[in-house]
Amino acid sequence: MDTRSLAVDVRAPSGLGRFGEYGGRFVPESLIAACEEVEHAFRDAWADPLFHGQLDRLLAVYAGRPTALTPAWRLSAELGITLLLKREDLAHTGSHKINNVLGQALLAKRMGKQRLIAETGAGQHGVATATAAALLGMSATVFMGERDIERQELNVFRMRMLGAEVVPVGSGSRTLKDACSEALRHWVSSVEDGYYCLGSVMGPHPYPWLVREFQRVIGDEARTQCATELRTATPDFVVACVGGGSNAAGTFAGFVDTPARLIGVEPEGGAAINSGLPGILHGFRTKVLQDEHGQISEAHSIAAGLDYPGVGPEHAYLADLGRAEYFTVSDAEVLDAVRRLAKAEGILCALESAHAVAWVLRAVEDGEIPAGSTVLLTLSGRGDKDMHTLMELS
Amino acid sequence: MDTRSLAVDVRAPSGLGRFGEYGGRFVPESLIAACEEVEHAFRDAWADPLFHGQLDRLLAVYAGRPTALTPAWRLSAELGITLLLKREDLAHTGSHKINNVLGQALLAKRMGKQRLIAETGAGQHGVATATAAALLGMSATVFMGERDIERQELNVFRMRMLGAEVVPVGSGSRTLKDACSEALRHWVSSVEDGYYCLGSVMGPHPYPWLVREFQRVIGDEARTQCATELRTATPDFVVACVGGGSNAAGTFAGFVDTPARLIGVEPEGGAAINSGLPGILHGFRTKVLQDEHGQISEAHSIAAGLDYPGVGPEHAYLADLGRAEYFTVSDAEVLDAVRRLAKAEGILCALESAHAVAWVLRAVEDGEIPAGSTVLLTLSGRGDKDMHTLMELS
Amino acid sequence: MNALETRTRETRQKGRKLLAPYVTGGITDDWTDYLRAYQDAGADLIEIGLPFSDPTLDGPTVQQASDRALSRGTTVDGILADLAKLDPAVPLVTMTYANLVLRNGADSFCAALREAGVSGLIVPDMPVDEVAPLSEAAARHGIDLVLLAAPSTTPDRLRVIAGHSRGFVYAVSLMGTTGEKRDLPESGRALARSLTELTDLPVLVGFGVSRPDHAAEAARYADGVIVGSALMRKVLDGGRAEDLRAELADMRTALDAIAD
Amino acid sequence: MNALETRTRETRQKGRKLLAPYVTGGITDDWTDYLRAYQDAGADLIEIGLPFSDPTLDGPTVQQASDRALSRGTTVDGILADLAKLDPAVPLVTMTYANLVLRNGADSFCAALREAGVSGLIVPDMPVDEVAPLSEAAARHGIDLVLLAAPSTTPDRLRVIAGHSRGFVYAVSLMGTTGEKRDLPESGRALARSLTELTDLPVLVGFGVSRPDHAAEAARYADGVIVGSALMRKVLDGGRAEDLRAELADMRTALDAIAD
Ligand SMILES: Cc1ncc(COP(=O)(O)O)c(C=O)c1O
Ligand SMILES: Cc1ncc(COP(=O)(O)O)c(C=O)c1O
């Protein structure tokens, strides 16, 4: 495909995996060889039509791709815009995470690895990893903060049903960032047969690049779908929520060479781009929430999947360049957005995805999105996992 | 489409909605006009390319159709057969119920009705109805037994988030059959603006026929997909679980004119075809679980969506004809099937759907399905809703 | 002409408005006492519900009554056996759902009714389109199969219903289930009038006739009334036969006042 | 040559095996007492951890120590201020993660180390590929930036690491995090041997050196050992400076026995 090779060439990170001053490979020496092995395997696979064939088939016949592009009919009419929803909530396991995980699992298999290692916060990436492992006959070890295990009991059970081992992480804040640290630690001791299957466009090179490439299917599909759905062929705005930033990166990848304004939406309490400072965490340089001493802060958002103090390096770079813009929304706006989308369109989206919806609602109100605009919004996942949270709040 | 018109002609119920000696319209006189109105509207709509255009577009851009046909690679290898899974679990709201509901909601709208009335057991049909109502700007009133409300708290909350009114039913066994009765009662008093959106191939004529037509998209798609996926073009076995029987009826509709053996799988504790006797319930004649006095028995299955003492009249007819065969599986086999499918394929299916899987597992073992056979199995829904049940059992 | 219809026509002939109270069979040990009380209060015929597990046309009161009767172990056979012991002065009409009627076949069901001294049958979920086999069986055993008409019934169908009904025509006064109402539903009036124009069968109005003034009002445009939930509410609340008699007597008085 | 490397080379020159104990800065109020105890027990240099919230290369013991220090309000500035008050007889080497080093820029960080009397720095998540700017800053301020090599490091990279490391080379004995081990990991031996062939810098083995016999064994193929978790475990369990001194003295004895 044209766009695919174009993007690899034009936007593959330079040198040591740099996106401008961000990215890189800040890992213990013990992990350097493993990162290089992943990088070489990925370069090789990504240039191999056979690999693409395998992956594309899995995405189609297993994960349910292409996902639909749904015009939000009633909301569009209310808002006076044309709002299109890219429905990652319809993908197998309920979010875009499966795109990345199928790619990495196939890659791991190609590398001869038997075991997937993953971190998870809300459990979505963990469930996706457990799923891919089951599908390909591999084993999976998922690290999850003790606090998240309590909050997301159901996803823990799903992972175990799928045959994965879920390892509670009791250190630090006992949430995603600690699960990430623990997964890295575990990877050090198991590089032989273990493959670290990272859940977003973060971590040491080549992960931010590789995960974006596996997620660009969102943007590529949406690009094609917009071309039939919109008179203007490309939308005026392309909006996605940003935790680590993988659904946004995958979406943006399809539109970075168009005039569309690219908008990433962060949670107010976990806005690495809006409130973070350059720093190094989990193997890469990026904008990170940290105190004046350089200690990493905890992120606090109603959406567990956005509770990460850092952000993918490419986003930090796009923000500095001004090519993408990043805004924040509050938990209250997010809750309102979930309800409005449910009532207007019959779609219960994930709290994460609702960040993007919330921004659109506000931006139409304050004129940031002019009447008559066309807006593509990636609905990264479904809300089933959040029903307990919503119930407790209502 | 050819198959569509063929099936309507050949297999539309005769006269008063009879499938052999089953079916009919055993409703209070007060509802006769309403049933006739639905029948005429449906005949009119189903012959109208514009209606098909609207519905097909909703199914595609909103509900995520066509759903994937997934080869169960690892399970097939283990079993020595070719097992293909029709993935209704990937449809919006998580089951095949959305196919029917979108069709009926569009029909209701066309009839000028503003309100959908529905019964629900596990809540899947209720959620689907609430979804369609939200999408089309209608209101929804969903009747649900008090016992089911307790068991399926999450789905109740989902319906309310979607703007539906959920009405607890405290009579009788306080489960699906009572919700059905209450929805019928409510319909009587609101035929003016209310449309009764029935959840399966049951109820008075034209519902068993109409719901099957709205569900035949499963079978039609699978037929086409099998043609590319299988060397034999059509599978040797077509298997689906049977509660009311809508996913099975929709699936069978695509294969009734092929040599495929059609297999419906009932829960041991709710096997209307295997253990029921002819009788009349909820407006139609069928096989019904009942005691020697003619009082309706409660069905008991681990899958709430199969907890119905009757079955669609077409299934009773196909069973008598021998064109389809109906088997039962136990709750224990179902639990085992859920786990095996999860571990082998990374798919957590609904307990309802697992009935079909359980039968395939057993039928391969006891030689009913010979080695080398090709099997199409409709996975009617995803298992998220069942995680609590599974957790409590493990 | 069978016993039921003979009686209903005769009564109308005499200028008397028909009063048809309802009781759920087997609701208490001594439930037949209610029948005697109804008779004493001036009932012209008595409707006896054979309780069904899933009474889709009944509102909460009759549902509850059916549940209570069933949970006491009540069966159709038991009720008919109780009835067979009586020697009522008025016709007995059973009312039940299709599944119970067809359980052992319409013929044996009607034969059993006849044997128990029942002369009429109402099956609310068996509309005229589906009724042929049961009609024949009923006719064979001298049972009048009473059909229902509803406000939503088209003129064409009214004609068919009126033509096939025996004993009387049951005019369902409202679009809804059985149950007490504050006001007598208006929709019954037009229905009863249409029926009266189509047939010379007596037309009785039922559903929502809850108080003497309701009865009186309905009797202005129909040949009589059927009273169910208002009485069953009292039974469920522990009312004794004497209480029910008094209740019904007030209805009788109201009806007789009209007839004068 | 800076102070640290001068000392490590001299010590080796004397035939003495280097003993480098570790302590997490700020772990207790009087944490610098541990430094004195280490010195008394015969440490040749002392490694001081500047606690970071997310120590990805540390096992449970050092993680816990870091958490405890941080929850006491420990900061890098505070630790350096404490160190500045000391006049240690052995070189001090700080060990911390990249984010703390770069927070206010590598140059000001190294300047602050120097001011506090620190002569070496270890940054485990800053591999040689990323190290250039920090190397330069360290050199400017006379700080020896010690690089780590791991069992998975390729021969080519070993050469580069050895070429860029200052003070000594830190041979990570195993593929894993810091932490006590029952047996000394075997993988350290080959690594230390390879390094010794590539460089004349002293090579110290760390990770998993938990007991005197481990130290002795490692010292057979390396120039010395770094002991961390085994000591920090004692500190976390409430061990006083004297206890730590005794513990380390045993290691010293074991090492000296080898050197003889
Ligand atoms: C539904 C959903 N959306 C978004 C995210 C955030 O991840 P990313 O920013 O990498 O897309 C998550 C993470 O768990 C998620 O589950
Ligand atoms: C997932 C799923 N499958 C099957 C059924 C049974 O319905 P039917 O037999 O009409 O397909 C239900 C009903 O709720 C369901 O939710």
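Hydrogens, waters and symmetry mates are skipped; everything else that's a heavy atom, side chains included, is used. Each chain gets a letter, A, B and so on, in the order the sequences are listed, and its residues count up from 1. Small disclaimer: the values here were computed from a predicted structure and weren't measured.
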Looking at [options], which one has more heavy-atom pairs under 4.5 Å with chain A than the rest?
{"options": "D/L102, D/D58, D/V131", "value": "D/D58"}
{"options": "D/Q63, D/R103, D/M126", "value": "D/R103"}
{"options": "D/L174, D/D125, D/I161", "value": "D/D125"}

So, [X] and [Y]: side-chain donor and acceptor under 3.5 Å apart, yes or no?
{"X": "A/H125", "Y": "A/N100", "answer": "no"}
{"X": "A/E266", "Y": "A/T328", "answer": "no"}
{"X": "A/R212", "Y": "A/S246", "answer": "no"}
{"X": "D/T96", "Y": "D/T94", "answer": "no"}

Select all residues of residues 181-197 of chain A having any heavy atom within less than 4.5 Å of some heavy atom of chain D, and report them by number, or 'none'.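 Residues of residues 181-197 of chain A touching chain D at under 4.5 Å: A/S181, A/E182, A/L184, A/R185, A/V188, A/S189, A/V191.
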Determine, for A/R174 against A/D148, whether the closest basic-nitrogen to carboxylate-oxygen distance falls under 4.0 angstrom.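 Looking at A/D148 together with A/R174, the answer is no, because their closest N to O distance does not fall below 4.0 Å.
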Is any side-chain N of the basic residue among D/E217 and D/R211 closer than 4.0 Å to the acidic one's carboxylate O? no
For chain D, find which of A/E292, A/R285, A/H282, A/E36 contributes the most heavy-atom pairs closer than 4.5 angstrom.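 Highest number of pairs under 4.5 Å: A/E292.
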Side chain from CB out, backbone as N, CA, C, O: work out which of these in A/I32 comes under 4.5 Å of a heavy atom of chain D, or both, or neither.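 The side chain, not the backbone.
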Please list, chain by chain and in numerical order, all residues satisfying side-chain hydrogen bond (donor to acceptor under 3.5 Å, both in side chains) with D/R159, sequence neighbours excluded.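 Partners of D/R159 under the side-chain hydrogen bond (donor to acceptor under 3.5 Å, both in side chains) test: none.
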What about A/F19 and A/W209, are their ring centers closer than 6.0 Å? no
